[in-house]
A.B. asks: 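Below you will find the structure I want to go over with you.
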Amino acid sequence: MTGPPALDISHLSYTYGDRRALDDVSLQVAPGEIFGLLGPNGGGKTTLFRIVSTLLPIQQGSVRVFGDDVASQAAAARRRMGVVFQSPALDIRLTVLENLRHHGHLYGLHGATLRDRMADVLARVRLQDRARDLVQTLSGGQRRRVEVAKAMLPNPALLVLDEPSTGLDPSARRDLGDDLRGLRDRAGTTVVLTTHLMDEAAGCDRVAILHEGRLVALGTPAALTAEVGGDIVQITTREPQALAEAVRARFAVEPRIVDGQLRIERPRAHEFVPQLVEAFPGAIDAVTFGKPTLEDVFVRHTGRRLE
């Protein structure tokens, strides 16, 4: 990486009264990267989003956007950013073009420059044919793409999005992901998004997992899941504690009880499961296994499911 990081967060902490929302978080995002902040509600990701987008003041630590400090150089940092909030920020009684035009005026864009920018961002999100339609006639996924188009009007180097696919169906989520990757590939835009959805996080170049305000894991989705090792075996039983002790004694593995189910990390689970069922036929109600996911990474670091 040459030049400053697109986003440089160093020892960032934030409290609401007695509650610590962020606890000494440090990470860097490279230019041109799609970076996901993954965690449950209350994990700290929205607080981090608000600080990065200059909506909350910095209490402790620092945040820089392409070298500009968001505390002492907030205006310069904002000029480099486009922001998409979790709550909709469109006037549904206006057309797509009217929403874009009014937003462009806020950035001092007018005339031919604004017209060219509007045409460009609508092409990027594939909404040229809906430009003159009222926003209230668009689907949820199309409205979200208008939000992205608005944020891209000033040609930001960094696009930050808070839970961008909230309320979207799986197909619309995939379309939004394609749009964001297209922005990265064609314009070199750096994308940082918060999410609690595994498939959305898995589509990012790198992921930071937040839990109770702390950064518990950071890396590519493939590297994070590789750290889990083997397969994940999940066992449903009426007496999880008793079965966990029996499995531990019989197979020398360390089961974890998560939400009343036993979870075991084990290579070649397809060979292990028949042995398990044969050893405890009356104690197991159901058993499944599969390759580790980002949720399994979260469980490994926190002892609980993401939900």
Side-chain angles (χ1 to χ4, degrees), residues 6 29 31-38 49 53 80-107 109-207 221:
V29 179
E33 190 171 29
I34 297 181
F35 191 92
L37 295 167
L38 174 66
F49 167 86
S53 57
R80 294 180 176 272
M81 277 190 286
V83 180
V84 177
F85 299 99
Q86 183 175 354
S87 299
L90 299 173
D91 191 325
I92 63 172
R93 295 164 296 183
L94 299 180
T95 67
V96 171
L97 279 177
E98 287 167 340
N99 272 275
L100 293 178
R101 185 176 297 114
H102 290 307
H103 191 71
H105 290 165
L106 295 176
Y107 281 89
L109 299 173
H110 299 278
T113 300
L114 178 55
R115 288 194 298 273
D116 291 344
R117 294 274 185 93
M118 289 192 298
D120 178 56
V121 296
L122 285 174
R124 292 187 192 184
V125 297
R126 297 170 290 116
L127 283 176
Q128 308 97 308
D129 59 334
R130 304 301 300 270
R132 300 189 182 279
D133 293 351
L134 295 176
V135 169
Q136 64 186 4
T137 67
L138 303 182
S139 68
Q142 290 168 333
R143 293 185 191 189
R144 212 58 173 149
R145 283 150 63 188
V146 177
E147 301 259 20
V148 173
K150 278 178 55 181
M152 291 303 299
L153 264 181
N155 282 339
L158 171 64
L159 180 64
V160 291
L161 309 96
D162 189 19
E163 300 279 0
S165 58
T166 295
L168 301 185
D169 60 39
S171 176
R173 287 207 305 270
R174 287 192 295 272
D175 287 344
L176 179 60
D178 290 342
D179 292 335
L180 296 178
R181 283 185 287 274
L183 291 175
R184 186 269 312 274
D185 295 341
R186 291 191 296 271
T189 307
T190 305
V191 178
V192 176
L193 60 90
T194 72
T195 185
H196 63 276
L197 300 172
M198 296 298 167
D199 58 345
E200 193 166 45
C204 296
D205 298 320
R206 286 194 303 143
V207 178

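Please read these numbers as outputs of a predicted model, since none were measured by experiment.
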A.B. asks: Can you name the residues that form a side chain to side chain contact (heavy atoms under 4.5 Å, CB included) with D116, not counting sequence neighbours?
C.D. replies: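 D116 satisfies side chain to side chain contact (heavy atoms under 4.5 Å, CB included) with no other residue.
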A.B. asks: For residues 120-131, pull every pair meeting salt bridge (Lys or Arg N to Asp or Glu O under 4.0 Å), keeping only residues two or more places apart or in separate chains.
C.D. replies: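 Listed by first then second residue: D120-R124, R126-D179, R130-D133.
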A.B. asks: When rounded to the nearest 0.5 angstrom, what is the spacing between NE2 in H103 and CE in M118?
C.D. replies: 12.5 Å
A.B. asks: By side chain to side chain contact (heavy atoms under 4.5 Å, CB included), which residues pair with S165, not counting sequence neighbours?
C.D. replies: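 In terms of side chain to side chain contact (heavy atoms under 4.5 Å, CB included), with neighbours along the sequence ignored, S165 is linked to L168, R173, L176, L197, E200.
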A.B. asks: Taking salt bridge (charged side-chain N to carboxylate O under 4.0 Å, His left out) as the test, write out the residues that go with R143, two or more places apart.
C.D. replies: none
A.B. asks: For F35, check side chain to side chain contact (heavy atoms under 4.5 Å, CB included) against everything at least two apart and list the hits.
C.D. replies: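 Partners of F35 under the side chain to side chain contact (heavy atoms under 4.5 Å, CB included) test: L27, V29, E33, L37, V192, R206, A208, L218.
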A.B. asks: Considering non-hydrogen atoms only, spot the tightest contact between D205 and G32 and give its length.
C.D. replies: OD2-O, 4.3 Å
A.B. asks: Does R132 have more than 12 heavy atoms from other residues, nucleotides or ligands lying within 6.0 Å of its CZ?
C.D. replies: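 No, the 6.0 Å shell around CZ holds no more than 12 heavy atoms from other groups.
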A.B. asks: What's the shortest heavy-atom distance between A151 and P156, and which atoms?
C.D. replies: O-CG, 3.4 Å
A.B. asks: Just jot down the salt bridge (charged side-chain N to carboxylate O under 4.0 Å, His left out) partners of R181, sequence neighbours excluded, or say none.
C.D. replies: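 Partners of R181 under the salt bridge (charged side-chain N to carboxylate O under 4.0 Å, His left out) test: D178.
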A.B. asks: Would you say that R101 contacts L94 through its side chain, given a criterion of any heavy-atom pair below 4.5 Å between the two side chains?
C.D. replies: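 Contact flag for R101/L94 side chains = no.
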A.B. asks: How would you list, by chain and number, every residue that makes a side chain to side chain donor-acceptor pair (under 3.5 Å) with S139, sequence neighbours excluded?
C.D. replies: Q142
A.B. asks: With sequence neighbours excluded, what pairs up with H110 under the ring pair (Phe, Tyr, Trp, His ring centres under 6.0 Å) test?
C.D. replies: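 Per chain and number, H110 pairs via ring pair (Phe, Tyr, Trp, His ring centres under 6.0 Å) with H105.
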A.B. asks: Using the side-chain contact (heavy atoms from CB on, under 4.5 Å) rule, take Y107 and L114 through it: C-alpha gap first, then chi angles, then the decisive distance, then the call.
C.D. replies: CA-CA 10 Å; Y107 281 89; L114 178 55; over 6 Å; no
A.B. asks: Give every residue pair that meets the salt bridge (Lys or Arg N to Asp or Glu O under 4.0 Å) criterion with at least one member in residues 82-97, sequence neighbours excluded.
C.D. replies: D91-R93
A.B. asks: For R80, what residues pass the salt bridge (charged side-chain N to carboxylate O under 4.0 Å, His left out) criterion, not counting sequence neighbours?
C.D. replies: D68
A.B. asks: Do any pairs count as a salt bridge (Lys or Arg N to Asp or Glu O under 4.0 Å) and have a residue in residues 161-170, sequence neighbours left out, and if so which ones?
C.D. replies: K45-E163
A.B. asks: Under 3.5 Å, is there a donor-acceptor pair between the side chain of T113 and the main chain of L109?
C.D. replies: no
A.B. asks: What heavy-atom pair brings P221 and A201 nearest, and what distance separates the two atoms?
C.D. replies: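 Looking at all heavy atoms of both residues, the closest pair is CG-O, 3.9 Å.
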A.B. asks: For the residue pair A172 and G141, what are the closest heavy atoms and their distance?
C.D. replies: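 So the two residues come closest at CB-CA, 4.0 Å.
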A.B. asks: Show the numbers, then the answer: is there a side-chain contact (heavy atoms from CB on, under 4.5 Å) between K150 and V84?
C.D. replies: CA-CA 8 Å; K150 278 178 55 181; V84 177; over 6 Å; no
A.B. asks: Please answer whether the main-chain N or O of F85 pairs with a side-chain N or O of E147 as donor and acceptor at a distance below 3.5 Å.
C.D. replies: no
A.B. asks: List for me each residue that meets side chain to side chain contact (heavy atoms under 4.5 Å, CB included) alongside A149, sequence neighbours excluded, and say none if there are none.
C.D. replies: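 For A149, the residues satisfying side chain to side chain contact (heavy atoms under 4.5 Å, CB included) (neighbours in sequence not counted) are L100, V121, V125.
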A.B. asks: Could you grab the distance from atom CG of L122 to atom CZ of R145, nearest 0.5 Å is fine?
C.D. replies: 10.5 Å
A.B. asks: Any idea which heavy atoms bring V135 and N99 closest together, and the distance?
C.D. replies: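 Closest pair (atom of V135, atom of N99, distance): CG2-ND2, 3.3 Å.
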A.B. asks: Check whether any side-chain heavy atom of L180 sits under 4.5 Å from a side-chain heavy atom of L193, and report yes or no.
C.D. replies: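 Sidechains of L193 and L180: in contact.
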